[in-house]
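Note sheet for the following structure.
Throughout, protein chains are lettered first and strands after them, A, B, ... in sequence-line order, and every chain is numbered starting at 1.
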There are 2 protein chains.
Amino acid sequence: MDGRGRRTTMYDVAAAAGVSHQTVSRVVNGSPQVRPETVERVRSAMTRLGYRPSGTARNLAVRRTRSLGVVSFMGPLFGPMSMLLSIEAAARRSGYAAQIVSAHGLDAGQVDAVLEEVLGRDVEGVAVIAPTDGQARMVDGLRAQLPVVAVEGRLGDDVPFVASDNEAGGRLVAEHLLDCGHRTVAHVSGPTDWGEARQRTAGWADRLVAAGVQPGPVWVGDWSPEAGYRAGLELLEHPRWEEVGAVFAANDSMALGLMAALHRSGVEVPARVSVIGYDNTPESGWLQPALSTVEQQFDAVGAAAVERLVSLLEGGDGAAELLIPPRLVSRSSVSWHRRR
Amino acid sequence: MDGRGRRTTMYDVAAAAGVSHQTVSRVVNGSPQVRPETVERVRSAMTRLGYRPSGTARNLAVRRTRSLGVVSFMGPLFGPMSMLLSIEAAARRSGYAAQIVSAHGLDAGQVDAVLEEVLGRDVEGVAVIAPTDGQARMVDGLRAQLPVVAVEGRLGDDVPFVASDNEAGGRLVAEHLLDCGHRTVAHVSGPTDWGEARQRTAGWADRLVAAGVQPGPVWVGDWSPEAGYRAGLELLEHPRWEEVGAVFAANDSMALGLMAALHRSGVEVPARVSVIGYDNTPESGWLQPALSTVEQQFDAVGAAAVERLVSLLEGGDGAAELLIPPRLVSRSSVSWHRRR
DNA sequence: AAATCAGATGTTAGCGGTAACCTCCTCGCT
DNA sequence: AGCGAGGAGGTTACCGCTAACATCTGATTT
């Protein structure tokens, strides 16, 4: 800015350095077509005047913003949060800025406002972290306008989709429990309108059935510790409680609540019943007992999502679907089943 | 975009509706100076052609971007993460977009790159979440260019600063412990180059001293559960361990690790020793025992930060400093001290 | 009926860059 | 000496919008 509030432009620098604005532009963009001494003169004029190029003007001229929208439809849960960060980092590595817009509520008005918002920022593509159903249709308008990739929640068959393989995760859990000799296992699932929750449950059930084991009683929670706690109390009242040797909670928070309920009722984990969670939050290894769980590779998912989006922008066609395998983290909350 | 890749502009819409581009502009911006039927004609042309206004061009013309930079210098810790989200939400409520840039590392090169990045996006102001020292000087260049507000970590005396009142939080802890009859309390602090850590420690120590109690042994951790665990093990070996009736961990994660260590060694919490944390993470109420802790009002801090920044942009002068009081959450990990 | 006025719309000139094309100069070569 | 090539830099025309001012109606005033 100069004295009268006008911003310092290339033309000012050009005048000060005794060259044309185009030469200043060349210097700014590191063109080799400028003599070193000229570069020096321009550089010094720039710092003397405190010049900063206008990204806005540049974007307009080149007709690119190099920015991606990231819309996230939920609060500060561990998973979604980690995704957000990992996408931002991946985008930056690819030379794009991430325009993050997060909406906690999910009502139609909200969703529309968020989409308007992100569209209005001239992003070149959008990654939608939409783990619950019902956002799919609302996002239709978006898809018509620019490349979209769905992360963690499917948005429709024709939208490229990247996620952690929750079905595989569920299977991993079932397998681990079977390996440990468990034949009756209960489950506290996530909300049924979350694709991730359904898939974890499905993978788990499938694997059990494949082994000739009947999936045990199931409770539906909302990811919160409290939901796990309530499920735990009800589990203790369940007619088949005596037979239950293990419980699979669909995330670590619910596993925590569940263990709290069991503990309060004097039920020992893993001596009487094994517990396994999902997420591998930084805390889970330090719970009592240390929680066995499944770790998702958020970084890989975020990187893949950005990569797909960028390839779409560059004219490639995004492969339909990519699932990143999770891995089991075995700790002490699961133990061998001792037949009673 | 039309068939040949040229984007649909106001002029296209204008032509299609038989008006001038300026009238289209008026319609887009909801000017009352346009006849309803004209509005209708323009609107229909817009949807027919799939027109989207270019925010970039608009920003250039009005010479405002209405966006704020938010730079965050650390990883996915609960506190910083919550701040990020709350600032984004507050900014959006005030009509600004938040340009989030987060850097995990802190070396000089990194910091400069991040600042360049955020400056290059034409933000009007910047909120810096810089909880550790050493970023202060690096941010000097920024300050010269545009309004800056520091969040959670002071950036220098002349930079407006908004944070949760950590000293008050420390005092709250000490007071609570004193109220419960504890006279010897140990402390696992955060890293000493975090202002927040130092202030929690200072508030805690001050309050104890004011009550004529000598602050007990102190360990320095890095916020991780593991650090808490190690401190716990060392605490058990400490010559004065017998006298220690309570431990204040500077965040919930370390409190968790600490409790794990105590548990593993057969020390009962809170029967033998009380433990109190800081942060009130969603999980802390469900630990065993439920963790007493201090809750920070991240939403209020974020809102205040944005408010200050916006007021600076509008020519106001930011008040120097604002501290938001935290509140104590009393649960069962702290109990009355029974004199032995 | 001429003058006035306000509402509705059009015209022109930027905003701060980049792209494409053009000019000028110097150097090497025949 | 004449000529072409290429390096260094300048000119001009956009990019897609808004601001400011100009113009044109038709209705109202006198």
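- Contacts of A/V19 with the nucleic acid, taken as non-hydrogen atoms under 4.0 Å apart, involve only primed sugar atoms and P, OP1 or OP2.
- Where DNA chain D meets chain B (any atom under 4.0 Å from a heavy atom), the bounding nucleotides read 5' to 3' are D/dG16 to D/dA20.
- Partner of A/S164 under the side-chain contact (heavy atoms from CB on, under 4.5 Å) criterion, chosen from A/E152, A/E196, A/Q297: A/E152.
- Straight-line distance from the CD atom of A/Q33 to the C1' atom of C/dC21: 14 Å, rounded to whole Å.
- Nearest-nucleotide positions on DNA chain D for B/R26 and B/V62 put B/V62 closer to the 5' end.
- When heavy atoms are screened at a 4.0 angstrom cut-off, A/R64 is found touching no nucleic acid atom at all.
- Across the interface with DNA chain C, nearest-nucleotide mapping of B/A61 and B/R35 shows B/R35 to be the residue nearer the 5′ end.
- If you measure from atom CZ of B/R58 to atom P of C/dG16, you get 16 Å, rounded to the nearest angstrom.
- Evaluation of atom-type donor-acceptor distances gives a pair under 3.5 Å for the side chain of A/H21 against the base of C/dT18.
- Rounded to whole angstrom, the span from the CZ atom of A/R6 across to the C1' atom of C/dC15 amounts to 11 Å.
- Residues A/E88 and A/V70 are not in side-chain contact: their nearest non-hydrogen atoms beyond the backbone lie 4.5 Å or more apart.
- With A/L68 as reference, A/L309 is the one residue of A/V118, A/V123, A/L309, A/V149 to meet the side-chain contact (heavy atoms from CB on, under 4.5 Å) rule.
- A/S20 comes within 4.0 angstrom of a base, heavy atoms only.
- Atom-to-atom, CZ of A/R63 to C1' of C/dA20 comes out at 12 Å; the value is rounded to the nearest Å.
- Side-chain atoms of A/V310 and A/Y96, non-hydrogen and from C-beta on, do get closer than 4.5 Å to each other.
- A straight line from OH of A/Y11 to P of C/dG14 spans 12 Å, rounded to a whole angstrom.
- Residue B/T38 places at least one side-chain N or O closer than 4.0 Å to OP1 or OP2 of C/dT9.
- The distance from atom CG of B/D122 to atom C1' of C/dG16 is 10 Å, rounded to the nearest whole Å.
- The nearest whole Å value for the distance from the CG atom in A/N29 to the C1' atom in C/dG16 is 13 Å.
- Rounded to whole angstrom, the span from the CG atom of B/L60 across to the C1' atom of C/dG14 amounts to 9 Å.
- Distance alone, capped at 3.5 Å, is enough to place a donor-acceptor pair between the B/S94 side chain and the B/A90 backbone.
- In this structure, the side chain of B/D122 engages the main chain of A/T56 through a donor-acceptor pair within 3.5 Å.
- In this structure, A/R154 and A/E321 have side chains that are in contact, with non-hydrogen atoms separated by less than 4.5 Å.
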